[in-house]
Colleague: 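The structure under discussion is supplied below as structure tokens; questions concerning it will follow.
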Amino acid sequence: MEKTWISMGAIFAFLGFIQGLLNTFMPHELSFACKRLGVRIYNAIFSSYVDYAVEEYDGTKLNELYDAAQLHLSDKAARSARRLSLIQPKNASVLTCSLGEHERVVDVYEGSQIWWEFSSSERKQSMTISWQTMPDKRRSLHMRIHRKDREKIMSGYLPSLLENAKALQLKRRDRLLYTNVSHDPRGRRKPWDSVPFKHPATFHSLALEPALKQKIMDDLTDFANGEQFYKDVGRAWKRGYLLYGPPGTGKSTMIAAMANFLEYDVYDLELTEVKSNAELRSLLLNTSNKAIIVLEDIDCSLDLSERKRKKAKKPDAENEEKMLGLAEREEKVSEVTLSGLLNFTDGLWSSCGSERIFVFTTNHIEKLDAALLRSGRMDMHIHLSYCGFEAFKVLARNYLKLEDHVLFEKVRAAMDEEGVQMTPADVSEVMTRDKRDTEQALRSLIKELRESKVKRRDGEQKEEGANEGTEEKQEVVPKEADVQCGVQKENAKVCEDAGNEVDINQEAAQEKIIH
Ligand SMILES: Nc1ncnc2c1ncn2[C@@H]1O[C@H](COP(=O)(O)OP(=O)(O)OP(=O)(O)O)[C@@H](O)[C@H]1O
Ligand SMILES: [Mg+2]
């Protein structure tokens with residue numbers, strides 16, 4: 001026994017001596033190559049696993065698979081790993097967990113296991129000059145799978161991981177509200193500027209007849225799930241909604257509810273800020289998919305009244321030349337045309353993205369050009385009107401936490417009286433004022449409903465009086481107001497013309513119009 005130990009000791013001493021010699025005299029590259037060969041022979045003969053490294057950077061470009069894998073593994077990591085990094089991604093209020101050094105998680109795909117491990121090492125500083133500054137650490141995720149699963153993982157697991165990460169990213173990020181009225185720090189125009197979209201409106205809180213509400217929600221759901229349908233019928237994946245009705249009936253609120261329902265971004269397009277059809281097109285090209293593009297009060301933007309008002313200002317004699325240049329430029333400014341807008345909503349360019357919803361709002365549908373109202377541009381016309389009893393019940397639930405009350409019947413009776421017109425905005429205001437005393441709130445509402453009849457009658461009489469006096473007034477009012485009156489008159493004419501066209505098409509459109 002003693003002899004055996006002595007001979008084993010001699011063998012180890014000899015091996016150690018040989019290794020020392022090799023380390024000293026063998027070049028580093030050769031020893032590295034030998035080691036690699038050894039690992040390869042071992043893996044080929046004994047190992048039944050395949051290992052993949054997913055590095056954070058592919059050269060100097062970010063590796064999308066790395067981010068996707070991190071997002072995909074985030075929930076699993078949060079549940080099973082003990083050392084984690086917490087990340088707050090840009091534009092997201094939900095944190096993402098990523099694995100800490102040498103932490104592992106096991107993922108399962110169709111019965112096959114996938115082991116993921118995170119590691120990092122110091123990045124060797126490159127001697128070449130690069131514009132891109134790279135992080136000090138070289139981070140990577142290592143994926144280990146069974147050799148037999150190679151095909152399944154490559155063609156099934158990894159694509160599904162990327163899909164899942166994309167869906168998670170959409171779900172976790174804050175949605176954005178974009179506006180086209182923006183400039184960069186140097187004062188140059190930017191196509192869109194954004195802020196997080198935080199409007200709390202939902203279809204649940206929207207005061208609307210239940211049947212209409214359900215119809216709109218179904219339509220939106222069909223649209224969002226309709227990728228294949230739109231492909232099959234050869235149409236761009238987009239849909240147009242026209243919301244019309246008096247001020248304060250919830251048009252803007254409904255847009256917010258739509259965006260929250262579909263989890264889309266909102267692009268609020270200020271048409272009076274757009275200088276040309278080309279700019280309009282470029283704004284469209286700069287919108288993302290899954291977006292609602294909104295044009296509010298389209299009847300006011302379409303005839304570009306603001307620009308006409310500017311142009312109508314007379315130049316001083318002194319600055320005539322300068323103003324002439326300005327006028328020329330403003331001539332250019334007013335180049336957004338109806339046809340430009342029509343192409344924006346239903347031309348070739350409107351199909352450059354997918355899953356886009358166009359929403360136009362107006363208080364006066366009769367002023368809109370029939371071409372704008374046709375299917376394919378505005379597919380669904382939604383009339384939002386004065387507060388009815390069903391809409392009132394939603395508001396009572398929202399503001400007063402009331403499902404039912406003895407005074408509800410009186411409210412219904414007051415609402416049914418002829419000539420009573422209160423918008424949901426007016427009803428909300430009464431309830432906000434008296435929200436501490438629900439009974440008082442309902443009584444005030446009944447009173448205001450009845451008074452609204454009188455107010456309306458007075459308003460109509462005043463309007464008639466004002467219309468009668470308009471022509472006389474135009475001769476005496478100062479310049480600025482004069483311009484506005486001029487514009488209104490001009491608009492009225494444009495709208496009259498458009499109104500005739502609308503009437504012609506109204507019957508055809510009637511079936512689509514939902515009251
Ligand atoms: N249908 C509704 N459901 C719930 N709240 C509503 C509804 N309509 C109006 N409101 C309330 O009234 C306020 C004004 O509504 P909103 O801005 O949506 O009206 P609008 O139709 O867009 O008006 P305008 O034509 O003047 O732009 C909102 O802040 C909201 O609180
Ligand atoms: Mg509005």
Side-chain angles (χ1 to χ4, degrees), residues 177-181 197-217 219-220 240-261 266-272 292-303 305-306 357-368 378 380-403 411 415 420-435 441-442 444-445 448-449 452 456 459 491 495 513-515:
L177 170 64
Y178 293 87
T179 174
N180 60 315
V181 190
F197 180 70
K198 302 275 186 192
H199 201 298
T202 60
F203 276 106
H204 183 68
S205 66
L206 191 70
L208 204 62
E209 295 297 313
L212 174 55
K213 194 188 283 190
Q214 195 54 48
K215 190 157 189 169
I216 297 167
M217 285 163 76
D219 196 76
L220 290 170
Y241 294 87
L242 174 77
L243 311 184
Y244 69 99
T249 48
K251 296 178 291 300
S252 306
T253 312
M254 181 178 284
I255 295 170
M258 283 174 156
N260 287 333
F261 181 66
V266 178
Y267 289 81
D268 188 5
L269 179 63
E270 183 52 58
L271 203 56
T272 49
I292 299 187
I293 300 165
V294 179
L295 272 99
E296 289 252 44
D297 300 318
I298 185 70
D299 52 309
C300 306
S301 323
L302 247 188
D303 51 44
S305 49
E306 186 59 24
I357 289 182
F358 291 88
V359 183
F360 288 12
T361 74
T362 179
N363 297 138
H364 304 282
I365 189 175
E366 71 285 354
K367 289 185 183 177
L368 298 189
M378 296 296 107
M380 202 172 181
H381 299 183
I382 301 168
H383 183 207
L384 297 173
S385 190
Y386 295 103
C387 193
F389 184 65
E390 290 300 327
F392 152 77
K393 283 207 301 195
V394 177
L395 294 174
R397 190 189 63 210
N398 294 348
Y399 286 80
L400 307 175
K401 311 284 172 257
L402 276 182
E403 291 294 337
V411 173
M415 281 179 163
V420 168
Q421 283 184 345
M422 264 181 95
T423 61
D426 297 332
V427 175
S428 314
E429 180 47 34
V430 176
M431 290 183 177
T432 310
R433 218 168 43 213
D434 292 326
K435 64 178 179 298
L442 294 176
S444 308
L445 178 63
E448 296 224 5
L449 279 167
S452 74
R456 187 176 156 230
N491 290 349
C495 298
I513 297 180
I514 299 170
H515 291 275

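One-based numbering, in listed order, for ligands and for the atoms of each.
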Colleague: Decide, counting backbone as well as side-chain atoms, whether Thr361 has an N, O or S atom less than 2.8 Å from the Mg ion (ligand 2).
Modeller: no
Colleague: Verify the ring-centre separation between His383 and Tyr244: is it less than 6.0 angstrom?
Modeller: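 Ring centres of His383 and Tyr244 closer than 6.0 Å.
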Colleague: Identify the protein heavy atom lying closest to atom 9 (C) of ligand 1, giving its residue, its atom name and the separation to 0.1 Å.
Modeller: Gly248 O, 3.4 Å
Colleague: Would Leu206 count as being in polar contact with ligand 1, using the rule that some N or O on each side must be under 3.5 angstrom apart?
Modeller: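 Not met; the criterion fails.
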Colleague: Does the residue Ser205 have a heavy-atom contact with ligand 1, meaning some pair of atoms that are separated by less than 4.0 Å?
Modeller: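 Per 4.0 Å heavy-atom rule, Ser205 contacts ligand 1.
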Colleague: Just by modelled atom types, is the Leu206 backbone N or O under 3.5 Å from a matching donor or acceptor in the Lys213 side chain?
Modeller: yes
Colleague: Polar contacts were defined as any N/O atom of the residue lying under 3.5 Å from an N/O atom of the ligand; does this apply to Ser428 and ligand 1?
Modeller: no
Colleague: Are any of the heavy atoms in Asn363 under 4.0 Å away from ligand 1?
Modeller: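 True for this residue.
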Colleague: Pairing donors with acceptors under 3.5 angstrom, does anything connect the side chains of Thr361 and Glu296?
Modeller: yes
Colleague: In terms of residue, atom name and distance, what is the protein heavy atom nearest to atom 31 (O) of ligand 1?
Modeller: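 Result: Tyr399 OH, 3.8 Å.
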Colleague: Identify, for atom 27 (O) of ligand 1, the protein heavy atom at the shortest distance, and state residue, atom and that distance.
Modeller: Ser252 OG, 4.0 Å
Colleague: For ligand 1, which atoms, with element, lie under 4.0 Å from some heavy atom of Thr253?
Modeller: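 The list of qualifying atoms is 15 (O), 16 (P), 18 (O), 28 (C), 30 (C).
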Colleague: Would you say the side-chain atoms of Glu270 and Thr179 include a donor-acceptor pair closer than 3.5 Å?
Modeller: no
Colleague: Distance under 4.0 Å to a non-hydrogen atom of Lys251: what atoms of ligand 1 satisfy this?
Modeller: 18 (O), 19 (O), 20 (P), 21 (O), 22 (O), 23 (O), 24 (P), 25 (O)
Colleague: Test your reading of the model: is there a side-chain donor-acceptor pair from Lys251 to the backbone of Gly245, 3.5 Å cut-off?
Modeller: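 The answer is yes, because a donor-acceptor pair under 3.5 Å joins these two groups.
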Colleague: Which of the atoms of ligand 1 are close to Pro424, meaning less than 4.0 Å from one of its heavy atoms?
Modeller: 1 (N), 2 (C), 7 (C), 8 (N), 9 (C)
Colleague: With side chain to side chain donor-acceptor pair (under 3.5 Å) as the test, would you mind laying out the steps for Thr202 and Asn260 before giving the verdict?
Modeller: CA-CA 6 Å; Thr202 60; Asn260 287 333; over 6 Å; no
Colleague: Considering heavy atoms of the protein only, find what lies nearest to atom 4 (C) of ligand 1 and give residue, atom and distance to 0.1 Å.
Modeller: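 Answer for atom 4 (C) of ligand 1: Ala207 N, 3.6 Å.
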Colleague: Do ligand 1 and Glu296 have nitrogen or oxygen atoms that lie under 3.5 Å from each other?
Modeller: no
Colleague: Just by modelled atom types, is the Glu366 backbone N or O under 3.5 Å from a matching donor or acceptor in the His364 side chain?
Modeller: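 Flag not set: sc His364 to bb Glu366 has no pair under 3.5 Å.
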Colleague: When the side chains of residues 386-400 are checked against the rest of the protein, which donor-acceptor pairs come out under 3.5 Å, sequence neighbours left out?
Modeller:
residue: Arg397; atom: NH2; partner: His204; partner atom: O; Å: 2.6
residue: Arg397; atom: NH2; partner: His204; partner atom: NE2; Å: 3.4
residue: Asn398; atom: ND2; partner: Ser205; partner atom: O; Å: 2.8

Colleague: Are there protein heavy-atom neighbours of atom 18 (O) of ligand 1 below 4.0 Å?
Modeller: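 Yes, because at least one protein heavy atom sits under 4.0 Å from atom 18 (O) of ligand 1.
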Colleague: What residue and atom, counting heavy atoms only, is the protein's closest point to atom 13 (C) of ligand 1, and at what distance?
Modeller: Ala425 CB, 4.0 Å
Colleague: From the options Gly245, Pro247, Ala201, select the one whose nearest heavy atom is closest to atom 26 (O) of ligand 1.
Modeller: Pro247
Colleague: Could you go through Tyr241 and Asp219, starting from their C-alpha distance and side-chain angles, then the distance that decides it, and tell me whether this counts as side chain to side chain donor-acceptor pair (under 3.5 Å)?
Modeller: CA-CA 10 Å; Tyr241 294 87; Asp219 196 76; 2.5 Å; yes
Colleague: What protein heavy atom sits nearest atom 5 (N) of ligand 1, and how far away is it?
Modeller: Leu395 CD2, 4.1 Å
